[in-house]
Asks: 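Quick one: the structure is below, and I'll ask about it shortly.
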Amino acid sequence: MTNPPFPNNNIGYLCTDWQVELGLGAKTALKLIDKDENLSEFSFAQLMDLSNQAANLLASMGLQKGDRIMLLLSKTIEMYAFFLGALKLGLVSSILFNSIGEDSIIERIKDTDTKAIISTTRMNFRLVKVLQKLDPFFRVLLVDQGESDGQFIGIREQFALASTSFVTPATDPEQYSHFHFTSGSTGKPKAVQHCHAAIIDHLRSFEAVMQPNADDLYWCTADPGWVTGTTYGITSPWASGLTQIQLDANYDPALWMRIIERYNVQIFYTAPTVFRMMAQQPEAFYQQYDLSSLKRVYTVGEPLDPNLVLWGRRVFHCEIYDTWFQTETGSIMVANRPGLEVKPGSMGKPLPYLEAAILESQNNFMPDNTQGLLCIRKPWNSMFREYVGNPVVYNNKFLGDFYSSGDIAYRDEDGYFWYIGRSDDVINTAGHLVSPFEIESAVMEVPHVLDCAVAGLPDDLLYEKVVAFVVHDQQAPSLRKLDMDIKLYVSKKVASLASPKEIVFTDKIPKTKSGKVMRRVLKKQYLGQDVGDLSTMEE
């Protein structure tokens, strides 16, 4: 591991106090814009004070180093303050997607022994049901309420009155910092654990790929519940002393273009799905806006189609760079970037301090232009340290000295990597990995469902859409109602992004003789392709 050249390895400290010590206290750290386009600005000094207040408040609640907390907050200053304050205090925190379902919250809390959730009263309708299935000592801290009621603790006034003085304890680089959840092809989503040393790779990947100037205005559109939204929407820009914009509103192309034009955004980081949505507008639509401030545009999440690279160049009049990393890697591993010729459709090349390879199995390296598993040689600083409570699954992610990403790719003769697909059944929908098992488990709880299988099918907008193949009983009142019941239930129980975009009612789910769903058969049947060898299929 690289020895960090910091006065304190703590990520929260490096994003705030360190910037003030470097003379950037008066510099704007955050331009926060709400759905009505109201702007609030916060300097690095203010961000330091607010995160110190959050750390002091959390300490006063009895939370101690190593305790886990979760944040169920939208992009508000409280979310950033409490995330950074928790890091300063030594807590281990996770930001949840706002659309997450009740049962998913409960499972995540129980699987990680989380002590508290920081949220707002508008989430109470969901959290009331969550608390019913948790330990009575579990607490919900409400940032927008002053009064307390049972396990709901109002902290609005306490936060405002908390001291702005806080000395961040010396932090070991290997001390746990934050965690995310990721989906596998089987079982529940796993908690991916990172540590404070990750900030080293957050910073050097940001420098190598984004190559910002000190006065650049940066915008990462990713939700902070996603690793991209944390690494490149919180820690990297602020530990780099950069000013960033954050928008607390849903996607709206006109709104997004107004923001780029009004505030002169220089660096823009988003997802290919956003590009596909944007491309539904005629190119003349974008000619209404002055987008000349943009120097570079980056994407991450799913492969960036070559046609989108060319479209982006025409619309934004700058280069478009695709990047690749995973929740487990913690920071960008392979990327197109300034100084490197872009091959449209390619993932680019590994960052200079990393070694990527295509392997078939341990120590079995594939030659150029041959497909295999995309692997990264360990260790690196932002590499995940464990799947919380799943040591066997964690160990299985490595082939000797290499982390196996589960992505199939190949390397060409020039050293560029090209993505092919997944080696498992994980669904990549709009840049988010979704577990088919988790969706299937939810669908099976819906009345009148007898059997179910879920697969990811190609989609022009989402890259892959969630399709559920469902066997129903004869008592189902109507297929239209059952279709709606399934979609609503999955959205409520798992998350809205996991809800099937399409439900195919069928008489039978193809399975192997051992009972494993044959997703390849379902996919090929759906696409009207030859299903191939069915010798392992049950009678």
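Scope of the values below: all heavy atoms of this structure, side chains included, with no hydrogens, waters or symmetry mates. Note that this is a predicted model, so its numbers are computed, not measured.
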Asks: Do you know which two heavy atoms are closest between Asn428 and Glu464, and how far apart they sit?
Replies: N-OE1, 2.8 Å
Asks: Report yes or no: does Ser148 contribute a side-chain atom to a donor-acceptor pair with the main-chain N or O of Ile153 at less than 3.5 Å?
Replies: no
Asks: May I ask you to check whether Trp219 and Tyr263 place their ring centres under 6.0 Å from each other?
Replies: no
Asks: With rounding to the nearest 0.5 angstrom, report the CG to OG distance, Leu142 to Ser119.
Replies: 6.5 Å
Asks: Does the side chain of Phe97 reach to within under 4.5 Å of the side chain of Phe181, using non-hydrogen atoms?
Replies: no
Asks: Looking only at atom types and distance, does a side-chain atom of His180 sit under 3.5 Å from a main-chain N or O of His194, one as donor and one as acceptor?
Replies: no
Asks: How about Gln281: does its CD atom have over 12 heavy atoms from other parts shown lying under 6.0 Å from it?
Replies: yes
Asks: If we only count heavy atoms from C-beta on, is the Asp305 to Trp311 side-chain gap below 4.5 Å?
Replies: no
Asks: Return the CZ to CG distance between Arg204 and Asn381, rounded to the nearest 0.5 Å.
Replies: 5.5 Å
Asks: Roughly how far apart are Leu71 CG and Leu96 CG, rounded to 0.5 Å?
Replies: 8.0 Å
Asks: Is there side-chain contact between Ser74 and Arg122, with at least one heavy-atom pair below 4.5 Å?
Replies: yes
Asks: Output every pair passing side chain to side chain donor-acceptor pair (under 3.5 Å) with a member in residues 289-298, not counting sequence neighbours, ordered by first then second residue.
Replies: Asp216-Lys295, Asp290-Ser292, Arg296-Tyr298
Asks: Does Asn264, at its CG atom, have more than 12 non-hydrogen atoms belonging to other residues, nucleotides or ligands within less than 6.0 Å?
Replies: yes
Asks: With rounding to the nearest 0.5 Å, note down the distance linking CD in Gln158 to CZ in Arg156.
Replies: 11.0 Å
Asks: Between Ile105 and Leu72, is there a side-chain heavy-atom distance shorter than 4.5 Å?
Replies: yes
Asks: Please determine if Lys378 forms a cation-pi arrangement with Phe398, meaning its NZ or CZ atom is less than 6.0 Å from the six-membered ring centre and no more than 45° off the ring axis.
Replies: yes
Asks: Distance-only check: which donor-acceptor pairs under 3.5 Å involve side-chain atoms of residues 22-29, not counting sequence neighbours?
Replies:
| unit_1 | atom_1 | unit_2 | atom_2 | d |
| --- | --- | --- | --- | --- |
| Lys27 | NZ | Ala214 | O | 2.7 |
| Lys27 | NZ | Gly241 | O | 2.7 |

Asks: So which heavy atom on Tyr80 is nearest to which on Thr76, and how close?
Replies: CD1-O, 3.1 Å
Asks: Looking only at heavy atoms, what is the nearest atom pair of Asp67 and Gly62, with distance?
Replies: OD2-O, 4.3 Å
Asks: Check whether any side-chain heavy atom of Leu47 sits under 4.5 Å from a side-chain heavy atom of Cys15, and report yes or no.
Replies: no
Asks: I'd like to know whether Thr121 forms a side chain to side chain donor-acceptor pair (under 3.5 Å) with Asp144, so could you lay out the CA-CA distance, the side-chain angles of the two residues, the decisive distance to 0.1 Å, and finally the verdict.
Replies: CA-CA 7 Å; Thr121 52; Asp144 62 341; 2.8 Å; yes
Asks: Taking only Lys NZ, Arg NE, NH1 and NH2, and the carboxylate oxygens of Asp or Glu, determine whether Asp113 and Lys115 approach each other closer than 4.0 Å.
Replies: yes
Asks: So how far is it from Trp380 CH2 to Met333 CE, rounded to the nearest 0.5 Å?
Replies: 5.5 Å
Asks: Does the Arg68 side chain pair with the main chain of Thr112, one donor and one acceptor, at a distance under 3.5 Å?
Replies: yes
Asks: Carefully, step by step, assess Tyr13 and Glu21 under the rule side chain to side chain donor-acceptor pair (under 3.5 Å).
Replies: CA-CA 10 Å; Tyr13 162 86; Glu21 292 165 13; 2.6 Å; yes
Asks: Evaluate Thr16 against Lys88 for side chain to side chain contact (heavy atoms under 4.5 Å, CB included), listing each step before the verdict.
Replies: CA-CA 10 Å; Thr16 57; Lys88 289 181 174 183; 3.1 Å; yes
Asks: Ignoring hydrogens and geometry, is there a side-chain-to-backbone donor-acceptor pair from Thr171 to Pro169 under 3.5 Å?
Replies: yes
Asks: Can you list the steps and then say if Glu328 with Tyr387 is a side chain to side chain contact (heavy atoms under 4.5 Å, CB included)?
Replies: CA-CA 9 Å; Glu328 288 87 347; Tyr387 287 130; 2.7 Å; yes
Asks: Give me the atom names and distance for the closest heavy-atom approach of Ser205 to Asp201.
Replies: OG-O, 2.6 Å
Asks: Any salt bridge (Lys or Arg N to Asp or Glu O under 4.0 Å) involving residues 30-39? Give me the pairs, sequence neighbours left out, ordered by first then second residue.
Replies: Lys31-Glu41, Glu37-Arg258, Glu37-Arg262
Asks: Output a table of donor-acceptor pairs, distance under 3.5 Å, between side-chain atoms of residues 334-348 and any protein atom two or more places apart or on a different chain; print 'none' if there are none.
Replies:
| unit_1 | atom_1 | unit_2 | atom_2 | d |
| --- | --- | --- | --- | --- |
| Asn336 | ND2 | Asp322 | O | 3.3 |
| Asn336 | ND2 | Ser346 | O | 2.9 |
| Asn336 | ND2 | Met347 | O | 3.4 |
| Arg337 | NH1 | Ala335 | O | 2.8 |
| Arg337 | NH1 | Lys349 | O | 2.9 |
| Arg337 | NH2 | Pro350 | O | 3.1 |
| Lys343 | NZ | Asp412 | OD2 | 2.9 |
| Lys343 | NZ | Asp414 | OD2 | 2.7 |
| Ser346 | OG | Gly348 | N | 2.8 |
| Ser346 | OG | Phe417 | O | 3.0 |

Asks: If we only count heavy atoms from C-beta on, is the Tyr269 to Tyr321 side-chain gap below 4.5 Å?
Replies: no
Asks: Check for a donor-acceptor pair, side chain of Asp252 on one end and backbone N or O of Ala254 on the other, with a separation under 3.5 Å.
Replies: yes
Asks: Show the nearest heavy-atom pair for residues Leu203 and Ser240, with the distance to one decimal.
Replies: CD2-OG, 3.3 Å
Asks: Output yes when a side-chain donor or acceptor of Gln326 lies under 3.5 Å from a complementary backbone atom of Ser405, and no otherwise.
Replies: yes
Asks: Under the ring-ring contact (aromatic ring centres under 6.0 Å, His included) rule, collect the residues that match up with Phe138, sequence neighbours excluded.
Replies: none
Asks: Working to the nearest 0.5 angstrom, can you tell me the gap between Trp256 CH2 and Asn250 CG?
Replies: 9.5 Å
Asks: Just jot down the ring-ring contact (aromatic ring centres under 6.0 Å, His included) partners of Phe206, sequence neighbours excluded, or say none.
Replies: Tyr218
Asks: With side chain to side chain contact (heavy atoms under 4.5 Å, CB included) as the criterion, how do Val143 and Met79 come out once you've worked through the C-alpha distance, each side chain's angles and the decisive distance to 0.1 Å?
Replies: CA-CA 9 Å; Val143 300; Met79 187 203 71; over 6 Å; no
Asks: Look at the rings of Tyr232 and His202 and say which category their plane angle falls in: under 30° parallel, 30 to 60° tilted, over 60° perpendicular.
Replies: tilted
Asks: Quick check against the 3.5 Å criterion: does Gln246 have a side-chain atom that pairs as donor or acceptor with the backbone of Leu30?
Replies: no
Asks: Give a yes or no on whether the backbone of Cys195 and the side-chain of Ser177 come within a donor-acceptor separation of less than 3.5 Å.
Replies: yes
Asks: Less than 6.0 Å separating the ring centroids of Tyr419 and Trp324?
Replies: no
Asks: Looking at every non-hydrogen atom in both residues, tell me the closest pair between Leu304 and Leu308 and how far apart they are.
Replies: CD1-CB, 3.8 Å
Asks: Does a side-chain heavy-atom distance below 4.5 Å link Val309 with Phe275?
Replies: no
Asks: Take Trp18 and Asn8 through the test side chain to side chain contact (heavy atoms under 4.5 Å, CB included) and record every step on the way to the result.
Replies: CA-CA 9 Å; Trp18 192 41; Asn8 189 327; over 6 Å; no
Asks: For the residue pair Val388 and Asp111, establish whether any side-chain heavy-atom pair is separated by less than 4.5 Å.
Replies: no
Asks: Above 12 or not: heavy atoms from other molecules or residues under 6.0 Å from CD of Gln64?
Replies: no
Asks: Check the pair Gln193, Tyr394 against side chain to side chain donor-acceptor pair (under 3.5 Å), reporting the backbone distance first and the verdict last.
Replies: CA-CA 11 Å; Gln193 182 64 62; Tyr394 179 80; over 6 Å; no
